Every structure is written in structure tokens, then in C-alpha cells.
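Accompanying notes for the structure given below.
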Amino acid sequence: MTTPPRGSTVEVTGLSKHFGAVLAVDDLSFSVEPGRVTGFLGPNGAGKTTTLRCLLGLVAPTSGTATIGGSTYHDLAHPMRVVGSALEATGFHPGRTATNHLRVLARAGGLDEHRVPEVLDLVGLGDSATRTVGGFSLGMRQRLQLAAALLGDPGVLVLDEPANGLDPEGIAWLRAFLRYLAGQGRTVLVSSHVLSEVEQTVDDVVIISRGSLVRACPLADLTAGHGHVVVRTPTPQPLVDALAAQLPGSAVIAGEDGAELLVDGADAATIGRIAFGAQVELHELRPAASDLEQVFLSLTGGATS
């Protein structure tokens, strides 16, 4: 039995999971590093929750491994001190107070109950500690689920759709909170379908579709270079003519002021070389970064998250 240090690497290697004739996860491999927030993305039914359940020992993989600091969940000596998880905001006894709900979990996990008021304050439920969970909104239950994940002060957090049910203020709070946790050196893996929010929160992304890996990389690498190239020049027509002559497959869209062009089908270096050859003065030349939603849709064949 092992206990990895705080901020352990999560490693998924060749993971596959069959449910009868259904292949939910197909030879999936990726890693999640400490000190970073990693967004786990994919269309509905892509295999995200199954992957997370394999990682947490709730589902046995058909083949491959999912480890935390090199150990499977079942091999961890004190799992709640190593990894905290929040998969669904369910499983609450409606008659228990928030404090008593966490006390039960702390005792079951062999944890000191002194963490209970601490984590309630951390997630903004300190004033609701003595309220029964039956009267909690979905957003409050999400916060309570996150408090439960933090009971053991773990170095790894695995969160499935933690923004569900949160209002805009709650989503902004969650964004800052996840950044704070990663800043402490923790490993944060979070699945979400709110792509606009993911784009403001994560450092890295892992995108899967139909159980297979589509892309795993830093967010900045994913959104750079997938859009048009922005070109600004006081003499746009000579450049348009030169691009048409030398790059017949390119497409040019003129901006409203006529001086800005959006060029598709060529990179910035190629456009700059053509402009230089045509003696066209350039005031701006840069890749136009795509937003995450646009790239996500293109990578997953237009499937919605």
C-alpha cells in the first residue's frame, strides 16, 4: 500500500472499458500534471465519466491502467488523503445537516473531524453548516460535494461537472477556487460541458470522443493557429491579388474598414513572404486564435459537449 506525495501525476494508459457489446473507453492514454488545472472534455457519451470511475476504482477496466502517483486507487493506503472526488451531487441524507454529513464521511475515511468546519468555510457554506441538506439548492449541494472531496486535504482532485447548478457568482467563485488549489501544487482534473468557463479556468485540456483520445495539450496550444490569420495593410487589394495568384486555395475576408483581412489557407510566415514580394506594407500580421468551442467542435466532428 502506497501514499503518493501531494500533487501526484494522474496517468491513464491504454485504458479500455466494455459494457457488454458497448465500448465506452477505447485504448485511452493521457496524463494530468500537478500544479495545473486540466479540463477533461468530450461530447455526451464520450466516456468521460467511465474514465473517471475507472480512475477512482468504481469500475474495473477491461484493459489498461489508471493510476495516481503510480498506484491504482485500491492500492492507496489512505485514499481520501491522496485523492478527493466529486462525481455527482447526490447521495445526501436530506435530514442531515451539512456538518453531520461531512462528519459521517470523515469517520468512514479515518479522518479527523476538525477539518469539517474548515472545508465548509472553504467552499462558502460556513453559514449553512447547521442547515439540513434537504433544503439545499443544487448549487449548494455541489459546494458540499466539493467540501467532501477536500476533507482529507488531498493532493489530487477529480471533479465531474462541478459547475452544474451554480449561478454566475458561484461559477466565478469556482473558477478562482480551482486556480487557488492548483496554485498550491495540487493536481486538478475537472470535466465540464461549459466550454466558455473551461476556457477561463484550465491550463491543459484532454479531449475525447467515442471513448478515444482526440487531443491532449496545453489550452494555449489548442486555440492557437486554428483560426484565420489577421492581416492589416493600408493597401489591401494588391495583397489580395498576390495571394490569389500564389495561393489559389486560400480565402480572404475583408473587414468592415477594408484595411483588415482575414486569410484562411496559409500561415502568417507565408503571407508575410508574399506581401514582401508584392511590396505590400503590413501594419499587422498574426494568427487569429479560435475560441475553445470552435476548436472543440472541429475536433469532435461538430458533436456538442
Side-chain angles (χ1 to χ4, degrees), residues 7-15 17 24-56 64 66-68 83-87 146 149 155-164 166 171-172 174-227 287-305:
S8 304
T9 298
V10 170
E11 195 81 40
V12 173
T13 307
L15 187 72
K17 178 61 185 177
V25 181
D26 184 11
D27 193 24
L28 181 62
S29 298
F30 64 88
S31 61
V32 182
E33 298 300 328
R36 300 177 72 81
V37 180
T38 299
F40 191 33
L41 313 178
N44 290 332
K48 300 189 300 298
T49 298
T50 298
T51 300
L52 297 183
R53 290 176 71 83
C54 286
L55 176 65
L56 296 170
T67 60
I68 301 159
V83 56
S85 63
L87 296 190
L146 184 54
V156 178
L157 286 164
V158 178
L159 311 175
D160 192 11
E161 304 287 358
N164 275 359
L166 296 182
I171 290 175
L174 179 66
R175 181 197 314 146
F177 192 57
L178 295 181
R179 300 297 323 154
Y180 164 74
L181 293 171
Q184 294 181 321
R186 301 179 203 252
T187 306
V188 182
L189 176 61
V190 53
S191 77
S192 179
H193 65 277
V194 187
L195 297 180
S196 58
E197 187 54 40
V198 168
E199 192 165 19
Q200 299 181 67
T201 306
V202 306
D203 302 296
D204 305 313
V205 292
V206 174
I207 300 177
I208 66 173
S209 182
R210 298 177 182 175
S212 298
L213 181 69
V214 175
R215 190 78 184 273
C217 65
L219 176 65
D221 291 354
L222 184 72
T223 55
H226 282 266
S290 301
D291 62 28
L292 178 58
E293 182 175 10
Q294 179 184 344
V295 178
F296 176 87
L297 293 174
S298 69
L299 291 175
T300 58
T304 55
S305 178

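Computation of the quantities below employed the complete heavy-atom set of this structure, encompassing side-chain atoms and omitting hydrogens, waters and symmetry-equivalent molecules. Everything quoted here is computed from the prediction, not taken from an experiment.
- Of the possible polar contacts, one joining the K48 side chain to the G42 backbone as a donor-acceptor pair under 3.5 Å is found.
- Taking 4.5 Å as the limit, every side-chain heavy atom of V32 sits out of range of all side-chain heavy atoms of V156.
- With sequence neighbours left out, the salt bridge (charged side-chain N to carboxylate O under 4.0 Å, His left out) criterion links R53 to no other residue.
- P162 places a side-chain heavy atom less than 4.5 Å from the side chain of V190.
- By the 4.5 Å heavy-atom criterion applied to side chains, V12 and V25 are not counted as neighbours.
- By the 4.0 Å N-to-carboxylate-O rule, R179 lies close enough to D203 to be salt-bridged with it.
- Every residue was checked against the side chain to side chain donor-acceptor pair (under 3.5 Å) condition with T50, not counting sequence neighbours, and none meets it.
- T38 contributes no side-chain N or O that, together with a main-chain N or O of L189, makes up a donor-acceptor pair within less than 3.5 Å.
- For E197, the salt bridge (charged side-chain N to carboxylate O under 4.0 Å, His left out) test picks out R175, with sequence neighbours left out.
- Looking at L174 and L146, their side chains come closer than 4.5 Å, going by heavy atoms from C-beta outward.
- Proximity of F296 to V198: side-chain heavy atoms (C-beta onward) are nowhere separated by under 4.5 Å.
- Counting only heavy atoms from C-beta outward, the side chains of P34 and T9 approach each other to under 4.5 Å.
- No more than 12 heavy-atom neighbours from other residues, nucleotides or ligands sit within 6.0 angstrom of CZ on R210.
- The closest side-chain heavy-atom distance from T49 to L87 is not below 4.5 Å.
- Counting heavy atoms from C-beta on, the side chains of L222 and I207 come closer than 4.5 Å.
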